[in-house]
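This report concerns only the one structure given below.
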Amino acid sequence: MKALSIKNLTKTYANGNQALKGINIDVEPGDFCALLGPNGAGKTTAIGIISSLVNKTSGSVEIFGHSIDTELEAAKTHLGLVPQEINLNLWEGVANIVRTQAGYYGLPRKLADERTEKYLRELRLWDRRNDAARSLSGGMKRRLMIARALVHEPRLLILDEPTAGVDIEIRRSMWDYLQRINAEGTTIILTTHYLEEAESLCRHVAIIDGGEIIEDAPMSSVLRQLQREVFVLNIDGELREAPTLSGFETSLRDDGDLEVVTSKDRRLNDLFAELDRNDIRVVSLRNKANRLEELFMGLVENKPGPAE
Ligand code: ADP
């Protein structure tokens, strides 16, 4: 049984916009999957349909074997959703928000209280349990939405841009948390604009563009397709001009660092041998562009844009 199985899913909005043109996605239980795509690709529409907020035009969606057409309640109990927009009642207390959600899923009062405490503690909001949601920072509101989505302990958690606009420290602690619950068994699907986020968290990636799936593969095999990699080398001493290194493109950056382009058939050992030959000593080395970002640009570059 799949955690999520989407077959031939289409959506045409009332104004004729064809947002999904027959997509197929399978997500295995325990997977951590990225759903990527440019603005207008159809991600929010797909998530809206999975969470039954948007009506599909045709096709099927099953969550842990339960069809959203014939077993919606069962399907819903397996799904937690963290939407992109902050959709909290800002005047309501933090703990109340989570407890009320537990009520929607029919959890008995005692269990609802226990779970509320558990998830508010895990998301570091327990101290704020009696405060109104409006008093929370942006990052805390997002964490509160995660606590609310988890209170009925769904087997599949979908997060739409969970870390949009939150600072890097909070983003990393959210990543740690998501990795932990994934390791404990929760299947996770996220959309993100931070491709670094997808690259570091997700084992599987589906890329959607213009309402169609244009890539659906393990992250490792998607990254392997990359032909080029760019490194930035901090050099001991100063270079006047970019050295000529046999087999590598080089350029000198404004900050004095050396940029080197390698192709996937070259080894870094060859690069260092070339640097040695030129008497260039490297202090540190880093990847320039996010690799997934490069791939993503390559994949969507030649596709027609979505109909607006
Ligand atoms: P994404 O989440 O990838 O940015 P969306 O699912 O929001 O993409 O949008 C997919 C396409 O559907 C876009 O062309 C968008 O303009 C269109 N669309 C989204 N919502 C509506 C709507 N309520 N009515 C008409 N068209 C819509």
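Numbers here are sequence positions counted from 1.
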Validation: residues 98-108 side-chain donor-acceptor distances under 3.5 Å, sequence neighbours left out:
from	atom 1	to	atom 2	distance (Å)
R99	NE	D113	OD1	2.8
R99	NH1	N96	OD1	3.1
T100	OG1	E92	OE2	3.2
T100	OG1	N96	O	2.6

#### Entry: Any donor-acceptor pair under 3.5 Å from T10 side chain to S58 backbone
yes
### CA sep, side-chain torsions, deciding dist, call: Y119, E153, side chain to side chain donor-acceptor pair (under 3.5 Å)
CA-CA 10 Å; Y119 287 103; E153 301 196 335; 2.6 Å; yes
### Task
Grab the two heavy atoms, one from R203 and one from N182, that are nearest each other, plus how far apart they are.
NH2-OD1, 3.1 Å
### Message
Quick check against the 3.5 Å criterion: does T250 have a side-chain atom that pairs as donor or acceptor with the backbone of P243?
### Response
yes
### Message
Please list all pairs meeting ring-ring contact (aromatic ring centres under 6.0 Å, His included) that have one or both residues in residues 27-82, counting only residues at least two apart or in different chains.
### Response
F64-H78, H66-H78
### Summary
The side-chain contact (heavy atoms from CB on, under 4.5 Å) partner of L53 among T45, T44, L81 is L81
### Task
With salt bridge (charged side-chain N to carboxylate O under 4.0 Å, His left out) as the test, would you mind laying out the steps for K2 and E62 before giving the verdict?
CA-CA 8 Å; K2 306 286 179 195; E62 285 184 6; over 6 Å; no
### Message
With a sphere of 6.0 Å drawn around CG of N55, does it hold more than 12 non-hydrogen atoms of other residues, nucleotides or ligands?
### Response
no
### Query
Going by an N to O cut-off under 4.0 Å, is there a salt bridge joining R286 and D257?
yes
### Message
Main chain of P38, side chain of K43: is a donor-acceptor contact present, judged purely on distance under 3.5 Å?
### Response
yes
### Task
Write down the atom of I63, the atom of I50, and the distance for their closest heavy-atom approach.
CD1-O, 3.7 Å
### Query
Do R281 and D279 sit within salt-bridge range, that is, some charged N less than 4.0 Å from a carboxylate O?
yes
### Task
Tell me who clusters with V282, hydrophobic residues only, linked when side chains sit under 4.5 Å apart either directly or through other members.
F231, L233, I235, L239, L245, F248, L252, L258, V260, L268, L271, F272, L275, I280, L285
### Message
Between R142 and Q84 (side chain of the first, backbone of the second, donor and acceptor by atom type, cut-off under 3.5 Å), is there such a pair?
### Response
yes
### Message
Take a 6.0 Å sphere around CG of N15 and say whether it holds more than 12 heavy atoms from other residues, nucleotides or ligands.
### Response
yes
### Task
Provide the closest heavy-atom pair for M145 versus P83 in the form atom of the first, atom of the second, distance.
CE-O, 3.4 Å
### Task
Start with the C-alpha distance between E197 and T163, add both sets of side-chain angles, then the distance that settles side chain to side chain donor-acceptor pair (under 3.5 Å), and finish with yes or no.
CA-CA 9 Å; E197 179 160 284; T163 58; 2.5 Å; yes
## Note on the structure
d(L190 CG, M174 CE) to nearest 0.5 Å is 9.5 Å
### Message
Main chain of M140, side chain of S137: is a donor-acceptor contact present, judged purely on distance under 3.5 Å?
### Response
yes
### Task
Begin with the C-alpha distance, continue with both residues' side-chain angles, and end with the deciding distance and a verdict on salt bridge (charged side-chain N to carboxylate O under 4.0 Å, His left out) for R121 and E117.
CA-CA 6 Å; R121 281 191 189 282; E117 177 168 351; 2.9 Å; yes
### Message
So that I can tick it off, tell me whether E184 and R180 are bridged by a salt bridge, with the cut-off set at under 4.0 angstrom between side-chain N and carboxylate O.
### Response
yes
